[in-house]
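Per chain, numbering begins at 1; letters A, B, ... match sequence-line order.
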Amino acid sequence: MSNNILNSKTFNLITDNIDTDQIIPAQFLTTTTREGLAAGAFYNLRFDDEGKERLEHVFKNFDATETAILVGGNNFGCGSSREHAPWSLLDLGFKVVVSTQFADIFRNNSIKNGLLPIEVDKAALDYLSANPETQIDIDIANTSCDIQGYGKIEFPLDEFSKYCLSNNYDQLDYLISQKDKITAYEQQL
Amino acid sequence: MTTAKTLFDKVWEAHCVQPESDDFPAILYIDLHLLHEVTSPQAFAELERRNLSVHSVKNCLATIDHSTPTSAPNAAGERDYITAQAKNQVDTFLENCKKHNIECHAWDSDQRGIVHVMGPEIGATQPGKTIVCGDSHTSTHGAFGALAFGIGTTEVGHVLATQCLLQRKAKSMRINIEGDLQDSVTAKDVILHVISTIGVNGGTGYVLEYAGSAVRAMDMEARMTMCNMSIECGARAGMIAPDEITVEYLKGRPHSPQGEDWDVAISNWSQLPTDEAAVFDKEVHIDASKITPTITYGTHPGMAFAIDASIPTTNDESDISSLEYMQFSQGESILGKDIDLVFIGSCTNSRISDLRLAAKIMQDQQVQVRTLVVAGSELIKLQAEAEGLDKIFKAAGAEWREPGCSMCLGMNGDIGKPGDLVVSTSNRNFIGRQGKDVRTILASPIVAASCAITGKITDPRTQEKAA
């Protein structure tokens with residue numbers, strides 16, 4: 001049941017159209033594993049042209065144990081299909097991303113890796129924008145979250161994704177359990 | 001009574017191993033799984049971890065394109081990879097393909113190319129197919145009336161292991177583009193215009209169908225340019241109904257159906273176009289005759305405008321920070337601004353017709369800035385060389401490089417210097433995509449070649465060719 005409840009504070013990075021190249025630039029994609037990608041996450045925000053860490057940047061005092069909910073602007077995760085984007089956010093310590101709209105492929109990739117995309121309306125985003133480090137208590141089973149000082153809202157999540165996230169159920173295991181149907185389909189081709 | 005269906009409905013329904021329900025997504029069968037080195041290693045590793053084999057090797061087709069150098073090999077045949085890790089990624093991929101007996105077009109194949117150039121070129125991309133690849137520009141293949149979309153690496157693993165994907169059906173949007181295109185206006189200008197019209201996220205949640213007389217008049221390469229950039233307005237897939245032009249293109253290609261199978265295929269394909277009475281969730285109408293050469297001025301493809309227009313004024317914070325990055329001001333025209341680099345290539349605009357357009361403009365001219373010309377595949381490179389286009393580019397001072405994704409995403413080391421203003425025929429002008437702090441202007445091959453020979457942002461319609 002522990003998978004159903006997530007409590008943390010928000011970390012704001014509220015710009016529209018944060019694309020997957022910004023989340024993880026292409027030079028970090030030559031890896032053959034999914035580990036260690038935090039090193040490249042938002043690299044250009046954190047490092048200068050010489051590769052030195054900038055004196056000031058938004059992630060300077062970031063502590064995922066305190067703020068594991070990333071709040072982004074509209075159309076978050078647009079662009080490339082690279083799953084390295086959610087992998088790198090998870091590796092940084094984020095467990096949830098909040099936006100008014102997610103790009104389809106990013107949203108799919110996130111759910112498959114246990115990074116929860118929470119879509120909210122503009123009023124809620126504006127509230128979070130004005131109130132950094134807001135506590136949010138998330139109940140996945142009821143697809144609702146309680147935004148401290150704002151109120152309780154529901155977020156969209158299809159039944160199957162909810163089931164998979166709540167129960168750590170693997171989608172490939174489900175597909176493999178349907179192999180008879182797949183074989184039957186292939187035989188009539 | 002049968003219900004009228006869209007092209008998308010027809011392809012979707014024919015591939016449902018199990019239709020979707022409230023509780024479960026559909027199980028969608030995949031006819032063609034394209035693979036490349038970047039988004040597959042973790043999927044192959046997952047198969048290994050679970051002791052699974054590839055479910056249907058004949059549905060897989062692989063190539064190397066993203067991490068590959070575009071410089072020529074040395075005398076010993078060695079390639080100059082940007083890092084040892086990039087070389088390792090390619091080597092790992094080739095081992096995975098070999099181990100699982102997957103048809104892979106590597107350095108030794110004249111069919112190697114950018115994955116979305118190769119598939120159509122060898123006839124593997126066909127009407128009515130479901131096609132996926134761990135790459136968002138898989139939408140390119142929709143030009144043939146296929147349902148083609150990008151997937152993540154976990155899903156690459158799903159398709160390798162089961163040949164299926166779990167999917168919710170998207171909504172449908174038809175983009176009707178009627179009328180004749182003006183001179184110097186190409187499919188690239190049309191799609192940039194479409195994206196700026198519906199917005200950078202206007203297609204999110206939809207599969208697009210491009211229709212109308214302007215689309216019907218386009219050749220297959222132009223249609224691929226259109227569908228390629230569907231993802232730039234958020235649509236995972238864009239489709240165009242197959243017709244005589246599609247059939248003519250596919251005839252006789254190595255993976256195309258042969259003999260009796262060809263006749264059966266043509267008959268099946270003719271059933272695919274959207275029924276007249278079919279209803280879309282959304283319809284958009286665009287007047288093709290009003291489209292001018294179109295370029296981007298911001299940091300996403302929706303920030304596009306007519307090349308001779310002024311940058312719109314805005315109060316939007318994201319747009320304002322985007323203009324700051326580009327070092328442009330609201331209300332100004334960017335014609336005549338000095339540029340630093342030109343890139344002609346990518347899965348959007350690296351086909352033979354694109355290279356011919358660029359060569360026509362560069363003939364007997366000199367480029368004023370570094371200009372990279374990168375064919376989309378080995379076959380295109382050979383064709384261009386047979387036509388003497390390489391000589392035109394080289395005589396103009398441009399670099400004629402080996403095929404690959406190159407500077408489109410710059411992961412092989414083909415990038416600009418910080419601050420560079422680049423005119424690029426690729427598909428994304430995102431912050432840092434073509435190098436740290438590099439500023440990208442997306443344009444057609446005609447505009448890019450015109451800019452190369454002046455060294456400035458140039459309207460090809462007003463440019464006078466030097467004697």
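The salt bridge (charged side-chain N to carboxylate O under 4.0 Å, His left out) search around Asp319(B) returns none, not counting sequence neighbours. Under the salt bridge (charged side-chain N to carboxylate O under 4.0 Å, His left out) criterion, Lys52(A) pairs with no residue at all, not counting sequence neighbours.
Only the side chain of Tyr174(A) comes within less than 4.5 Å of a heavy atom in chain B; its backbone stays farther off. Interface residue Leu189(A): only side-chain heavy atoms are found under 4.5 Å from chain B. The part of Gln101(A) that comes within reach of chain B is its side chain, from C-beta onward, which places non-hydrogen atoms under 4.5 angstrom from that chain. If you measure heavy-atom distances from Asp170(A) to chain B, the contacts under 4.5 Å come from the side chain alone. Only the backbone of Thr33(A) comes within contact range of chain B, with heavy atoms under 4.5 Å apart. In this structure, the portion of Asn17(A) lying under 4.5 Å from any heavy atom of chain B is its side chain and not its backbone. Both the backbone and the side chain of Thr204(B) come within less than 4.5 Å of a heavy atom in chain A. Looking at Lys179(A), only its side chain comes within 4.5 Å of chain B, counting heavy atoms on both sides.
Taking both residues in full, the closest heavy atoms of Arg82(A) and Arg433(B) are given as NH2-NH1, 3.6 Å, listed atom of the first, atom of the second, then distance. The heavy-atom pair separating Ser81(A) from Ser136(B) by the smallest distance is OG-N, 3.4 Å. The two residues Lys436(B) and Asp48(A) have their closest heavy-atom pair at CE-O, 2.9 Å. Across every non-hydrogen atom of Gln85(B) and Thr31(A), the tightest pair is NE2-CA, 3.8 Å.
The contact list for residues 104-118 of chain A toward chain B, using heavy atoms and a distance under 4.5 Å, reads Asp104(A), Ile105(A), Asn108(A), Asn109(A), Lys112(A), Asn113(A) by residue number. Residues of residues 143-164 of chain A lying within less than 4.5 angstrom of chain B, judged on heavy atoms, are Asp158(A), Glu159(A), Phe160(A) in numerical order.
Ring pair Tyr29(B)/Tyr185(A) is tilted by interplanar angle, where 30° to 60° counts as tilted.
Between the side chain of Gln22(A) and the main chain of Ile431(B), no donor-acceptor pair closer than 3.5 Å is present.
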Step by step, work out the side-chain contact (heavy atoms from CB on, under 4.5 Å) result for Asp16(A) and Val200(B). CA-CA 10 Å; Asp16(A) 289 348; Val200(B) 68; over 6 Å; no
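For chain A, the option among Ser56(B), Gly152(B), Ala86(B) with the highest count of heavy-atom pairs below 4.5 Å is Gly152(B).
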